[in-house]
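What follows is a single structure, written as structure tokens, with notes after it.
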Amino acid sequence: MPIDFYYFPPSAPCRSVLLLAKAIGVHLNLKTINVLKGDHMKPEFLKINPQHTIPTIDDNGFILCESRPIMGYLVSKYARNDSLYPKDPKKRGLVDQMLYFDAGNLYENILICYFPVVFAKDNVIHEERQQAVEKSCETLNTFLEGKEFVTGDDLTIADFTISTTICVLQCFDFDIGRYDNVAMWYNRCKELLDKFGFDEVHATGTKLFTEWYRANVQESS
């Protein structure tokens with residue numbers, strides 16, 4: 001049976017899972033949860049996920065939420081091999097480290113800095129918040145020193161989620177070209193994942209976030 005996938009197309013975490021599913025050949029039964037209309041707070045969805053977050057999957061009765069655990073689960077259960085999420089404790093530890101770095105540092109700082117403007121709760125970018133984003137990018141740049149991908153020579157789910165984060169960041173007129181390793185790695189990911197529809201998966205979210213951000217920032221000028 002296909003896996004029910006509760007998602008919202010613009011959502012970056014949802015996009016990471018979509019791209020991974022395409023890469024490993026997992027069919028998802030897409031069920032749109034429009035968080036802007038409050039679909040995530042409806043009783044029928046709260047029964048599935050009391051945290052009312054997306055993405056959420058229902059794999060024949062097994063419910064799992066949060067994009068990064070979902071990605072690890074999908075690889076562990078359905079991928080042809082473990083290259084994207086290695087079973088070796090040291091290799092998996094490095095992947096987990098970068099997943100946590102994305103969730104708690106890079107993506108978190110982007111959320112704090114830019115999303116208030118995206119969703120019209122503010123109309124300026126605060127300098128200290130932007131500095132935090134820049135520091136996160138500097139850290140990522142250091143992690144990538146001498147590496148093809150974020151944990152070494154092999155593509156993993158950490159590259160899927162962090163490349164999505166960098167895709168989002170560029171919606172806010174942020175120049176990643178200042179970080180040589182990040183820019184080269186991002187282009188490498190795009191080229192490698194193009195056959196799985198990298199641009200197509202990200203198109204809706206990229207367009208909307210860019211439009212919302214620029215419209216609301218312009219209001220302050």
Side-chain angles (χ1 to χ4, degrees), residues 8-20 35-36 54-55 67-68 71 97-151 155-194 197-221:
F8 187 44
S11 161
C14 292
R15 286 188 261 151
S16 295
V17 176
L18 281 171
L19 190 59
L20 174 71
V35 296
L36 301 179
I54 53 167
S67 61
R68 295 163 188 86
M71 295 170 75
Q97 171 182 266
M98 295 310 297
L99 293 174
Y100 281 109
F101 165 74
D102 182 47
N105 188 313
L106 179 62
Y107 190 66
E108 178 70 11
N109 283 333
I110 291 170
L111 283 176
I112 293 170
C113 181
Y114 295 104
F115 277 51
V117 175
V118 169
F119 294 110
K121 297 182 182 297
D122 202 344
N123 58 11
V124 296
I125 299 301
H126 299 277
E127 183 177 356
E128 69 277 9
R129 295 178 181 180
Q130 189 163 40
Q131 288 174 349
V133 174
E134 292 169 349
K135 178 63 177 177
S136 293
C137 288
E138 291 171 5
T139 302
L140 178 60
N141 201 64
T142 301
F143 273 129
L144 285 164
E145 187 69 37
K147 298 176 183 174
E148 290 289 303
F149 300 101
V150 293
T151 65
L155 183 78
T156 69
I157 59 173
D159 296 285
F160 280 79
T161 188
I162 298 175
S163 65
T164 297
T165 296
I166 296 299
C167 182
V168 171
L169 179 57
Q170 292 178 97
C171 295
F172 312 134
D173 300 321
F174 189 97
D175 180 19
I176 66 167
R178 293 175 288 169
Y179 311 95
D180 292 345
N181 296 330
V182 174
M184 289 188 294
W185 159 82
Y186 180 71
N187 289 330
R188 189 178 300 121
C189 287
K190 280 189 64 176
E191 182 178 355
L192 186 61
L193 298 176
D194 179 65
F198 186 93
D199 289 333
E200 179 184 358
V201 167
H202 291 308
T204 299
T206 299
K207 181 176 184 294
L208 287 175
F209 282 145
T210 301
E211 290 176 352
W212 292 340
Y213 172 74
R214 291 181 179 174
N216 293 327
V217 163
Q218 288 169 359
E219 291 174 4
S220 67
S221 61

* To do: Would you name the heavy atoms of V17 and P55 that are closest together and state the gap between them?
  => CG2-CG, 4.1 Å

* Asked: Atom CG in L18, atom OG in S67: separation rounded to 0.5 Å?
  -> 11.0 Å

* To do: Could you tell me whether the side chain of N216 and the main chain of N123 form a donor-acceptor pair under 3.5 Å?
  => no

* Asked: In Å, rounded to the nearest 0.5 Å, how long is the span from CG of L144 to CD1 of I162?
  -> 8.0 Å

* **Validation row: I54, P13 side chains within 4.5 angstrom (heavy atoms)** => no

* Asked: Between D102 and M98, is there a donor-acceptor pair closer than 3.5 Å when you use the side chain of the first and the backbone of the second?
  -> no

* **Value rounded to 0.5 Å, distance of OG1 in T161 from CG in L19** => 10.5 Å

* Structure fact -> So ring-ring contact (aromatic ring centres under 6.0 Å, His included) across residues 163-184, not counting sequence neighbours, yields Y114-F172, F172-Y213

* Asked: How far apart are the closest heavy atoms of S163 and L193, and which atoms are they?
  -> OG-CD1, 4.5 Å

* May I ask you to check whether F149 and F160 place their ring centres under 6.0 Å from each other? => no

* **Donor-acceptor pair, side chain of D159 and main chain of T156, under 3.5 angstrom** => yes

* Asked: Going by heavy atoms in the side chains, are F115 and F209 under 4.5 Å from each other?
  -> yes

* Only pairs at least two apart or in different chains count here, so list each salt bridge (Lys or Arg N to Asp or Glu O under 4.0 Å) that has a residue in residues 105-116. => none

* Structure fact -> Closest non-hydrogen contact found for A12 with T164 is O-CG2, 3.3 Å

* Under the salt bridge (Lys or Arg N to Asp or Glu O under 4.0 Å) test, which residues partner E148, sequence neighbours left out? -> R188

* **Pairwise side-chain contact, C137 with L169, heavy-atom cut-off 4.5 Å (strictly under)** => yes

* Quick one: salt bridge (Lys or Arg N to Asp or Glu O under 4.0 Å) pairs with a partner in residues 164-174, sequence neighbours left out? -> D173-R214

* Residue that, paired with S136, satisfies side chain to side chain donor-acceptor pair (under 3.5 Å) out of N105, N141, T165 -> N105

* Asked: Out of curiosity, E138 CD to N181 CG, how far, rounded to the nearest 0.5 Å?
  -> 12.5 Å

* Quick one: are F143 and V150 in side-chain contact, heavy atoms under 4.5 Å? -> no

* Structure fact -> Between the CG atom in L36 and the CZ atom in F8, the distance rounded to the nearest 0.5 Å is 4.0 Å

* Asked: What residue pairs, at least two apart or across chains, pass salt bridge (Lys or Arg N to Asp or Glu O under 4.0 Å) with a residue in residues 121-131?
  -> none

* How far does CG of L99 sit from CD1 of I157, to the nearest 0.5 angstrom? -> 4.5 Å

For a quick test of your reading: what N or O donor-acceptor pairs under 3.5 Å do the side chains of residues 198-207 make, sequence neighbours left out?
from: H202; atom 1: ND1; to: R15; atom 2: NH1; distance (Å): 3.0
from: T206; atom 1: OG1; to: H202; atom 2: O; distance (Å): 2.8
from: K207; atom 1: NZ; to: E211; atom 2: OE2; distance (Å): 2.8

* Asked: What are the two closest heavy atoms between L140 and L106, and how far apart are they?
  -> CD2-CD2, 4.1 Å

* To do: Compare every heavy atom of N109 with every heavy atom of V133, then report the nearest pair and how far apart it is.
  => CG2-O, 3.5 Å

* More than 12 non-hydrogen atoms from neighbouring residues, nucleotides or ligands closer than 6.0 Å to CZ on F119, yes or no? -> yes

